[in-house]
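Following: one structure in structure tokens, then a few remarks.
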Amino acid sequence: MENTSATNPTIDTLIQLVATYDESVSGEQIRHAYEFAKAAHADQKRATGEPYIIHPLATAFYLAEMHLPAPIIIAGLLHDVPEDTEKTLDDVKAEFGEDVGNMVAGITKLGKIKYRGIERYLENLRKMFLSMAADVRVVFIKFADRLHNLETLDAIPPKKQYRIALESLEIFAPIANRLGMGEMKGRLEDAAFRYIYPKEYEWVNNISKSGRQGKQGYLERVIRLTKETLVDAGIPNVAVQGRAKHLYSLYKKLLKNDRNIARIYDLIAIRIIVNDVADCYAALGIIHSRWRPLKGRIKDYIAQPKPNNYRSLHTTVFSEDGEIVEFQIRTHEMHAVNEYGIAAHWSYDEQGKIAIKALSKNQRPPEWVHELASVQHELSAVDRKKYLRSLEEMKIDIFKDRIFVFTPKGDVIDLPEDSTVVDFAYAIHTDIGNQCTAAKVNEDNAPLSRVLKNGDMVDIMIDKSRKGPNPDWLKFVKTRYAKTKIKQYAKSKISGWITGILPGSK
Ligand code: MN
């Protein structure tokens with residue numbers, strides 16, 4: 001297999017890139033971290049035979065591409081130091097401070113996975129959740145680290161290649177997706193794809209290449225016409241660019257469409273990026289008045305964002321010479337969030353300050369991360385079988401698609417697909433779950449077992465005199481949280497009863 005060598009940045013290109021968006025830390029401080037790491041790794045080589053330092057440098061570069069603040073870049077440069085060299089974590093902290101030191105410590109912890117097979121998989125998941133809950137920046141560094149390792153896998157034994165690639169496809173990419181990091185997810189998947197399904201990779205790669213071949217001139221023309229049309233119509237600050245679909249997502253789409261490339265309209269999409277939401281809809285209207293849209297292909301992910309907060313308008317039109325082209329229309333801010341997800345909130349704001357931006361309710365670092373991590377703390381002491389089972393459930397909670405359901409006040413509750421009224425009640429508050437007796441879904445009476453759909457509005461009636469949940473609910477609830485609470489109540493009732501009749505037992 002030929003080596004798809006990763007971009008080989010230098011420390012100078014790294015410093016230049018960081019300087020374009022973050023001036024809180026001087027270039028010399030970044031260079032100092034680089035020299036420190038370079039000296040620490042001096043006698044080490046990568047499996048490729050290259051000096052080790054190219055790996056932390058590439059890791060830091062990927063972080064800079066996401067416009068992450070300089071301290072994360074510095075932690076990226078140092079991420080393998082305590083694990084692999086004579087220098088300790090204390091050395092790192094003494095030189096670069098607590099904050100950078102803590103991020104490096106988080107990465108070091110995340111790296112140590114001692115299990116094999118399914119247990120390794122689950123342990124990996126658990127560690128990812130724990131470190132996300134503690135400091136989500138650590139997971140950004142881990143993604144960047146993994147991406148570079150994936151892109152330089154050729155030099156290691158095939159068995160190990162396969163394991164790392166599979167882990168990336170099954171754990172890292174779905175988590176990146178859940179965090180809304182579309183670009184990272186796509187790159188991780190594409191880098192893993194060729195090791196997991198080499199033949200399919202070749203097939204899709206060829207399809208993609210030949211699909212794009214000879215179209216370059218055509219696309220450039222459509223991009224130019226699009227931009228002219230929008231500017232003439234008075235839309236300010238328009239950017240128009242072409243974007244080839246990631247290979248793995250193209251592969252999955254081909255499988256859904258009888259492997260027929262003619263049915264894939266977004267092999268290359270044209271992105272229109274504008275100032276605000278009003279301009280998005282205006283641009284959509286302008287595109288439709290110039291080129292006829294295909295029926296049933298207009299999607300409004302601005303009014304109804306995807307569960308991972310992806311927002312954009314999509315439309316497919318018969319463009320110049322009748323060729324079918326997909327357009328994706330979004331604001332500059334939506335574009336950053338679509339590409340970098342939660343990481344976009346660490347980038348700089350208009351005042352040039354680096355800060356975590358005020359997040360809207362749907363964009364907060366997800367609560368499920370904290371919830372799952374805390375549950376895992378409690379569970380790690382109990383018996384192994386139960387532990388593995390709960391991790392399985394947790395995996396289902398995370399990787400199944402999520403739905404957004406509304407309270408009567410308009411608050412949004414984020415639940416896994418197929419959740420019921422009772423899951424919703426518990427997601428609001430344990431007491432609401434324990435005491436719910438009836439519900440209205442979209443103003444109509446509905447049973448507690450009703451499966452909810454995206455956009456439902458749910459009003460829960462409670463009965464304050466009610467002692468606790470009905471164990472029969474276990475037959476239909478979907479979320480681990482509701483199950484746990486219902487079981488807990490049943491158990492406390494039994495043990496209370498036993499304690500009552502058998503003195504001394506507990
Ligand atoms: Mn590394």
Side-chain angles (χ1 to χ4, degrees), residues 3-11 14 30 33-66 68 71-89 91-93 95-96 100-114 120 123-124 127-128 130-132 134-157 160-169 171-173 175-176 181 184 187-188 191-192 195 343:
N3 191 351
T4 42
S5 145
T7 39
N8 270 332
T10 66
I11 182 60
L14 176 67
I30 296 171
Y34 168 76
E35 295 297 345
F36 184 93
K38 194 176 167 192
H41 292 293
D43 48 4
Q44 292 172 318
K45 291 235 185 305
R46 296 275 290 167
T48 54
E50 293 163 294
Y52 195 86
I53 191 66
I54 65 147
H55 166 65
L57 189 57
T59 302
F61 195 79
Y62 291 155
L63 293 164
E65 284 181 328
M66 294 189 259
L68 286 163
I72 306 183
I73 306 304
I74 291 178
L77 285 168
L78 299 167
H79 81 270
D80 278 328
V81 165
E83 176 90 61
D84 297 342
T85 76
E86 302 280 290
K87 293 279 182 194
T88 64
L89 190 58
D91 296 334
V92 171
K93 280 190 179 169
E95 204 69 30
F96 301 97
V100 166
N102 287 336
M103 280 188 267
V104 174
I107 283 290
T108 311
K109 251 193 249 162
L110 198 51
K112 288 182 185 144
I113 306 278
K114 50 181 180 290
R120 182 185 169 92
E123 173 70 4
N124 225 322
K127 288 212 163 181
M128 291 286 271
L130 281 174
S131 60
M132 270 194 276
D135 185 346
V136 79
R137 297 176 303 173
V138 168
V139 175
F140 303 156
I141 301 172
K142 187 68 201 172
F143 285 151
D145 168 48
R146 173 55 61 102
L147 182 58
H148 185 249
N149 284 336
L150 272 176
E151 288 173 341
T152 52
L153 270 187
D154 280 349
I156 66 167
K160 207 173 161 194
Q161 280 176 353
Y162 187 82
R163 175 178 68 65
I164 292 174
L166 192 63
E167 199 171 81
S168 307
L169 208 56
I171 298 178
F172 287 71
I175 292 178
M181 303 170 72
M184 181 53 79
R187 285 174 77 173
L188 285 167
Y195 294 97

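Keep in mind that the numbers below use all heavy atoms, side chains included, and drop hydrogens, waters and symmetry copies. We count ligands from 1, going down the list as the structure has it; atoms in each ligand are counted the same way. In this text the structure is predicted, and so the values were computed from the model without any measurement.
Note that CZ of Arg137 is 3.5 Å distant from CE of Met103, once rounded to the nearest 0.5 Å.
Looking at Asp145, its N, O or S atom nearest to the Mn ion (ligand 1) turns out to be OD1.
No side-chain donor-acceptor contact under 3.5 Å links Glu151 to the backbone of Ala191.
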Report the C-alpha separation of Ile107 and Asp145 in whole Å, then their side-chain angles, then the decisive distance to 0.1 Å, and conclude whether the side chain to side chain contact (heavy atoms under 4.5 Å, CB included) test is met. CA-CA 10 Å; Ile107 283 290; Asp145 168 48; 5.6 Å; no
Take Tyr52 and Asp84 through the side chain to side chain contact (heavy atoms under 4.5 Å, CB included) test and state the conclusion after the steps. CA-CA 10 Å; Tyr52 195 86; Asp84 297 342; 3.4 Å; yes
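Between the OD2 atom of Asp80 and the NE2 atom of His55, the angle taken at the Mn ion (ligand 1) works out to 90° after rounding to 10°.
The Mn ion (ligand 1) has His79 among its coordinating residues (N/O/S atom, backbone or side chain, under 2.8 Å).
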